Amino acid sequence: MRLDKFIADHTEYTRSQIKAIVKKGGVSVDGKAVKAADMQIDPQKQSVTVNGKELMYREHTYIVLNKPEGYVCSTDSKDGATVLELVPEELRVKGLFPAGRLDKDTLGMVLLTDDGELAHRILSPKRHIPKIYLVKLDRPFEIKYVDQFKSGMVLENGEKCLPARVIGVENNEKWAFVELCEGKYHQVKRMFAAVENHVERLMRISMGGLEIPEKLGKGECIELLHKDVEKLFLPLDFEEFCLKKFVIFSSYLINK
Ligand code: URA
């Protein structure tokens, strides 16, 4: 692979900036400053340093963000402050995008990647991985929601949802967990609207078998190890998971 292509793929530098850095002696391969930006390298075997910082070879980048309110899941800053702004510079590779969307006022787990194939595997309607949300409701949870959600809810505009799971939280009557295997626009909010309740606050806490790490604060990111990416396709025990996680994740929604 050409050295300048490798650097361009792993940093925010343009090709002409890279050329200038190489010219100033700012790029080393295996510890030696190089003169030609177009030299061939083997990024899996050789180490490349740009302005003193070693670039780590990886084919793709996977990041879990604990999204705060106020950010849009878009790559276009015309839409407002985007989730990409929350990604630390060293992880901001070219082509990074949020694989799936949360509303501007929804918190929680967003996966950012430059791997289009993985995003397709997660989002394709045929194989939508289950996602769990914690919901703070305006009115108490009613047990009849369990069957209404299970039987494929019809939204107010007539759209039909796939069967979904919902459970209320014991001794916390205005809280619920929902598990969806699809991603319609404002889906959780519209499902509760269809049963004459209202979502006050919403947080996505897991995607497939991958949950937000408990120590990941609001607005923080963590890079996923490649071996952990496959957890997206593993199952998670809905009821057991929700039971264990209520105290931790409700604190994000209670403390603004
Ligand atoms: N459902 C919603 O209503 N909003 C989200 O952000 C995600 C799911």
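Computation of the quantities below employed the complete heavy-atom set of this structure, encompassing side-chain atoms and omitting hydrogens, waters and symmetry-equivalent molecules. Note that ligands are numbered from 1 as they come in the structure, with each ligand's atoms numbered from 1 the same way. Note that the structure is predicted; figures quoted are calculated from it, not measured. All residue numbers in this chain count up from 1 along the given sequence.
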Over all atoms of both residues, closest heavy-atom pair of Glu69 and Asp105: CG-O, 4.0 Å
Based purely on interatomic distance, does Lys189 place a nitrogen or oxygen under 3.5 Å from a nitrogen or oxygen of ligand 1? yes
Any non-hydrogen atom of Tyr133 lying under 4.0 Å from ligand 1? yes
For residues Val87 and Leu112, determine if any side-chain heavy atom of one lies less than 4.5 Å from a side-chain heavy atom of the other. yes
If the cut-off is 4.0 Å to any non-hydrogen atom of Leu202, which atoms of ligand 1 fall inside it? 1 (N), 2 (C), 3 (O), 4 (N), 5 (C)
Please name the pair of heavy atoms, one in Phe238 and one in Glu179, separated by the smallest distance, quoted to 0.1 Å. CE1-CB, 3.6 Å
Atom indices of ligand 1 within 4.0 angstrom of Thr106 heavy atoms, with elements: 4 (N), 5 (C), 6 (O)
When you compare ligand 1 with Asp103, is there at least one nitrogen or oxygen pair between them that comes in under 3.5 angstrom? yes
Hey, which of Asp228, Thr113, Asp115, Asp114 is the one that makes side-chain hydrogen bond (donor to acceptor under 3.5 Å, both in side chains) with Tyr62? Asp115
Ligand 1 N/O within reach of Val188 N/O, cut-off under 3.5 Å: yes
Any N or O of Arg190 closer than 3.5 Å to N or O of ligand 1: no
Partner of Met203 under side chain to side chain contact (heavy atoms under 4.5 Å, CB included), chosen from Val135, Ile132, Thr106, Ile212: Ile212
Can you check whether Arg2 reaches Met39 side chain to side chain, under 4.5 Å on heavy atoms? no
